[in-house]
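Worksheet: the structure to be examined is printed underneath.
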Amino acid sequence: MADTARLQIGDQSVELPIVEGSEDEKALDISALRSETGHITLDQGYGNTGSWQSGITFIDGDKGILRYRGYGIEDLSEHSNFIETSYLLIWGELPTAAQLEEFSDLLTKHQMLREGLKHHFNLFPPNSPPMAVLSSVLNALSCYYPELLEIEDDEMFTEAAARIMAKVRTIAAYSYRQQLGHHIEYPHPNKKYAENFLHLMFSQPYNEFQPEPELVKALDLIFLLHADHEQNCSTSTVRMVGSSEANLFSSVAAGVCALWGPLHGGANIAVVDMLEKIREENLSVSSFVDQVKNKKAGIRLMGFGHRVYKNFDPRATIIKKSCEEVLAKLDIDDPLLDIAKELETVALEDEYFIQRKLYPNVDFYSGVILRALGIPKAMFTVIFAIGRMPGWIAQWYEESKATKISRPRQIYTGPVLRTYQPVEERP
Ligand code: CMC
């Protein structure tokens, strides 16, 4: 196999080293391209650009493969849980029993918020978007832990990572309760991660929330399935911000902002909005699909399509099964699930979607399952953010070992040099 590629530009020729990953992925190393030829590459949306070499998550979009640190998502979904998987993502190996206990203890120790930090929640107006609150308060953590702004070793990183992992769930739940004008519930010292989140969201002083175990398991699975997804929009944002040596708190806060949009994490809300619209307006699934296909209305089939998966999204397969199980167990008959299934069937047989390789992604069913769990719609993307946190943390730390600030170039298309005209002389 050749280890270089030759690029010919006019009479200029340049050798580009070929870089190979551990799963035979191949890339052309163009780091000397500009200095040697004066050219840069242009790749809007970065669909052909490898921004980093990374040892964390592997995706093969054609085969529908997703692995965290070498472990298949199906394997982890069946045998692991969110906290163990978070440890795996952040530190690279599955923990021993002692390491897992130590990590869990650290999360319990750090799950409370400083009293001062709680006042921040009251400063947001009623009905503030929880993603805005989450991002702001995560960033505000930087003010409370100045000793963790510059991470010098693994020990400091562990302290910062554990604080974020523990507190993100508390912050998320507080943002919801503040919206309702309800009191803030303290985290429970003996409840595990997902159960504690539900407690923070729904317990009352006179009535502790006691969820069905299946419900807790389903939420834990949702966290796990979202835990990392290599160089997606929000993760790239976290790494980009981190590359300026910004601290971990601010970098993950930026990740939350990037996740917010409907083409990324916000899709789980957009999917339920879409299903509700179809139901409320009594639209037939085929007429809705026709609207999507004619493109005039600018409507997309939300929860469908993915930049990388061009066959199926393995997370969607797992989540669909879990969704059916949870709804059956809780004896919930959600008409939105029926609409979702019909939409999936119609779209998967339609030439428009087949040609463009558009399949259901993780968000197609996650909204329906979160509804069944009693999670309010406004919190769906926040749940995604809680799940994605270990991935962002792991990716930030990996990036922090690199030495280069991320700074893409551009092809300028604006006006060429002009001379300033005083206002009275302007036409
Ligand atoms: N509905 C209808 N048409 C679509 C859709 C869709 N959901 N997704 C892509 N297309 C069409 C698009 O119009 C284009 O058609 P044409 O070739 O005729 O111009 C073609 O498919 C390629 O689309 P693209 O926008 O170039 O594809 P992309 O790789 O840039 O976009 C995507 C990926 C996920 C942003 C897009 O598929 C989308 O908008 N999906 C809906 C939003 C969504 O579900 N997002 C969640 C992604 S998974 C969770 C996460 O990781 O964030």
Side-chain angles (χ1 to χ4, degrees), residues 43-49 56-62 64-66 68 73 131 222-239 255-275 277-278 285-320 340 343-344 346-370 377 380-392 395:
D43 183 21
Q44 208 170 348
Y46 307 125
N48 302 281
T49 298
I56 300 172
T57 289
F58 171 69
I59 300 178
D60 183 327
D62 294 324
I65 292 174
L66 168 61
Y68 299 158
I73 194 69
M131 287 295 273
I222 288 183
F223 287 149
L224 186 153
L225 289 175
H226 287 88
D228 196 45
H229 214 230
E230 53 118 301
Q231 308 310 324
N232 56 82
C233 175
S234 56
T235 302
S236 298
T237 301
V238 170
R239 291 187 74 132
V256 171
C257 297
L259 187 72
W260 193 351
L263 295 189
H264 191 11
N268 53 16
I269 296 182
V271 168
V272 170
D273 283 342
M274 171 184 81
L275 298 174
K277 179 180 150 75
I278 292 174
V285 159
S286 55
S287 69
F288 182 77
V289 168
D290 285 344
Q291 282 184 37
V292 171
K293 280 162 44 182
N294 82 21
K295 291 190 172 189
K296 283 199 194 105
I299 300 172
R300 284 195 165 200
L301 180 50
M302 298 312 282
F304 253 70
H306 198 276
R307 173 61 62 78
V308 183
Y309 294 120
K310 298 298 173 197
N311 188 339
F312 66 96
D313 177 341
R315 302 168 302 171
T317 312
I318 298 168
I319 220 165
K320 183 181 176 191
L343 260 178
E344 183 186 2
V346 170
L348 290 181
E349 284 169 1
D350 191 294
E351 233 0 78
Y352 175 97
F353 297 89
I354 294 170
Q355 258 180 16
R356 292 169 179 78
K357 300 190 171 176
L358 302 171
Y359 295 88
N361 59 51
V362 68
D363 288 320
F364 195 65
Y365 285 104
S366 65
V368 180
I369 196 169
L370 287 169
K377 196 164 62 175
F380 289 2
T381 314
V382 172
I383 302 276
F384 191 152
I386 299 174
R388 186 53 56 85
M389 204 48 80
W392 287 338
Q395 301 268 356

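Read the numbers this way: they start at 1 and go in the same order the structure lists the ligands and their atoms. Only this structure's heavy atoms are used, side chains among them; waters, hydrogens and symmetry mates stay out. The chain is numbered in sequence order, starting from 1.
- Annotation: Lys310 places no N or O atom under 3.5 Å from an N or O atom of ligand 1; distance criterion only.
- Less than 4.0 angstrom separates atom 22 (C) of ligand 1 from none of the non-hydrogen atoms of the protein.
- The CZ atom of Phe304 sits 5.5 Å away from atom CD of Glu344, with the distance rounded to the nearest 0.5 Å.
- The closest protein non-hydrogen atom to atom 52 (O) of ligand 1 is His264 ND1, 2.4 Å.
- The backbone N or O of Val362 lies less than 3.5 Å from a partner atom in the side chain of Asp313, making a donor-acceptor pair.
- Looking only at distances, a side-chain donor or acceptor of His264 sits under 3.5 Å from a matching main-chain atom of Ser234.
- The closest approach between any non-hydrogen atom of Phe364 and ligand 1 is not below 4.0 Å.
- In this structure, the protein non-hydrogen atom closest to atom 49 (C) of ligand 1 is Asp363 OD2, 3.1 Å.
- When each atom of ligand 1 is checked for a heavy atom of Tyr352 under 4.0 Å away, the hits are 2 (C), 3 (N), 4 (C), 11 (C), 13 (O).
- Applying the 6.0 Å contact sphere to NZ of Lys357 captures no more than 12 heavy atoms from other residues, nucleotides or ligands.
- Put simply, the side chain of Asn361 gets close to the backbone of Gly305: a donor and an acceptor are under 3.5 Å apart.
- When atom types are taken as modelled, the side chain of Tyr68 and the backbone of Leu224 share a donor-acceptor pair closer than 3.5 angstrom.
- Nearest protein heavy-atom contact of atom 14 (C) of ligand 1 is Lys295 NZ, 4.0 Å.
- For the atom pair Arg356 CZ and Glu351 CD, the distance stands at 9.5 Å (nearest 0.5 Å).
- Protein heavy atom in closest approach to atom 45 (N) of ligand 1: Leu263 O, 3.0 Å.
- The aromatic rings of Tyr309 and His229 sit tilted, their planes meeting at an angle between 30° and 60°.
- Of all protein heavy atoms, the one closest to atom 1 (N) of ligand 1 is Leu301 N, 2.9 Å.
- Partner of Gln395 under the side-chain hydrogen bond (donor to acceptor under 3.5 Å, both in side chains) criterion, out of Thr235, Asn232, Thr57, Asp228: Asp228 alone.
- With Asp43 contributing its side chain and Asn48 its backbone, the two residues share a donor-acceptor pair below 3.5 Å.
- Nearest protein heavy-atom contact of atom 34 (C) of ligand 1 is Gly305 O, 3.7 Å.
- Some N or O of Gly303 is nearer than 3.5 Å to an N or O of ligand 1, by distance alone.
- For atom 26 (O) of ligand 1, the nearest protein heavy atom lies 4.0 Å away or farther.
- Polar contact with ligand 1: absent for Leu358 (N/O pair, distance under 3.5 Å).
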request  = Could you check Tyr352 against Leu301 for side chain to side chain contact (heavy atoms under 4.5 Å, CB included), going step by step and ending with a plain yes or no?
outcome  = CA-CA 11 Å; Tyr352 175 97; Leu301 180 50; over 6 Å; no
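- For ligand 1, the atoms closer than 4.0 angstrom to any heavy atom of Val292 are 1 (N), 2 (C).
- Proximity to Ala267 (heavy-atom distance under 4.0 Å) selects the following atoms of ligand 1: 43 (C), 44 (O), 45 (N), 46 (C).
- Looking only at heavy atoms of the protein, atom 36 (C) of ligand 1 is closest to Arg300 NH1, 3.3 Å.
- Regarding atom 33 (C) of ligand 1, its nearest protein heavy-atom neighbour is Arg307 N, 3.8 Å.
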